[in-house]
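Here's the structure we're looking at; comments come further down.
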Amino acid sequence: MPEGPSLVILKELAQDFVGRKILHVEGNSKIDTTRIQGHHIKSLRTWGKHFLIELSDFSIRIHLLMFGNYRINERRESPARLSLQCSDNSELNFYACSVKFIEGDLDDTYDWASDVMSDEWNPAAARKKLRALPQKLACDALLDQDIFAGVGNIIKNEVLFRIRVHPLSSIGALPEAKLRTLVDEARHYSFEFLQWKKAFVLKKHWLAHNKRICPRCNIPFKRAHLGATHRRSFYCEKCQKKYSPDS
Ligand SMILES: [Zn+2]
């Protein structure tokens, strides 16, 4: 699943489309695509895993889900969910994704402060939201898009390993300094992810995700589908401490 940094890369790759007129729209999306035709692209934005194409008084929201992808100025063989054919013979094509309209100003819909990639990211607000959810497990908290929009499973596994926190730790049992580190590392690692992904060296820098052996302890990682989110976790029982309410 594309995580927040990958959406930032898409936004950067598509930046030339800002100001262009959408001349023709195709695709098997259920939305009323005729509405899009003739509009100029006002801006491209991202919020977490959402790619937002801002038009005049409404926007198109693309969510790439688990297997969605895109092509810029080229096409895949499979039919596009949404194809925006613009001036200068350029086109933006999206596949296997969810497409929706968002009415009105995007600022009324999105809390940019909860997006780990945003200039408006607010770590104090994230800490406050976490403190209000003491029962929540660390592995679920990081995937909560209302707190850490853009964080996906890779970032979750890497952050927990880096800060030495067991995925089944309760948020309420984390010492204040550890909670602060968790919030800070979620953003810090997301930007490292962005730089590594751009340089095509992301996987090389994985320490825990999809790995077999803990590089700190040289023992096998545990792997299991944990928490309410039931997503794959890779973790070391020795160097990642489990913070529990009764410990
Ligand atoms: Zn270890």
Side-chain angles (χ1 to χ4, degrees), residues 1-6 8-9 48-49 66 114-117 121 123-124 126-247:
M1 176 193 275
E3 306 194 16
S6 300
V8 171
I9 291 172
K49 300 170 188 171
M66 289 303 274
S114 59
D115 174 5
V116 292
M117 302 306 293
W121 164 247
R127 292 194 299 270
K128 194 176 167 195
K129 288 179 209 167
L130 289 170
R131 282 191 207 100
L133 299 165
Q135 320 287 333
K136 211 172 177 80
L137 300 176
C139 58
D140 291 332
L142 276 164
L143 293 175
D144 187 332
Q145 300 299 293
D146 290 332
I147 307 173
F148 298 106
V151 168
N153 207 39
I154 298 169
I155 298 175
K156 175 204 81 182
N157 283 325
E158 290 296 309
V159 166
L160 290 176
F161 180 72
R162 280 152 207 262
I163 67 170
R164 298 176 184 244
V165 169
H166 192 289
L168 293 177
S169 297
S170 304
I171 288 299
L174 292 179
E176 181 59 30
K178 201 51 115 173
L179 187 84
R180 190 172 280 267
T181 308
L182 183 143
V183 169
D184 291 348
E185 188 61 22
R187 176 164 167 97
H188 177 249
Y189 177 74
S190 295
F191 276 87
E192 288 193 324
F193 181 123
L194 174 66
Q195 295 312 320
W196 289 329
K197 177 114 186 167
K198 279 182 177 177
F200 306 102
V201 293
L202 177 65
K203 286 185 185 177
K204 203 174 84 177
H205 287 90
W206 286 348
L207 299 177
H209 186 78
N210 240 348
K211 294 291 184 181
R212 294 190 176 280
I213 305 288
C214 172
R216 286 195 288 251
C217 310
N218 208 24
I219 58 170
F221 272 124
K222 295 278 178 192
R223 46 173 76 193
H225 290 79
L226 301 181
T229 43
H230 211 63
R231 299 292 308 281
R232 262 195 325 164
S233 287
F234 299 82
Y235 57 102
C236 176
E237 295 268 52
K238 193 174 168 204
C239 64
Q240 287 177 256
K241 184 176 172 182
K242 194 191 285 182
Y243 295 87
S244 305
D246 49 0
S247 64

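When a ligand or atom number is given, it counts from 1 through the structure's own listing order.
If you check the side chains of Lys156 and Ser233, you find a donor sitting under 3.5 Å from an acceptor.
The only member of Ile147, Val151, Val183 that meets side-chain contact (heavy atoms from CB on, under 4.5 Å) when paired with Leu142 is Val151.
Between Phe234 and His209, the ring-plane angle classifies as perpendicular under the 30° and 60° cut-offs.
Ion pairing of Glu192 with Arg162 is present here, as a side-chain N (NZ or NE/NH1/NH2) and a carboxylate O approach within less than 4.0 Å. We find that Lys136 and Asp144 are joined by a salt bridge, their nearest charged nitrogen and carboxylate oxygen being less than 4.0 Å apart. Between Lys178 and Glu185, none of the side-chain N atoms (NZ, or NE/NH1/NH2) sits under 4.0 Å from a carboxylate O, so this pair counts as no salt bridge.
Below the 2.8 Å limit, the Zn ion (ligand 1) has as protein N, O or S neighbours Cys214 SG, Cys217 SG, Cys236 SG, Cys239 SG.
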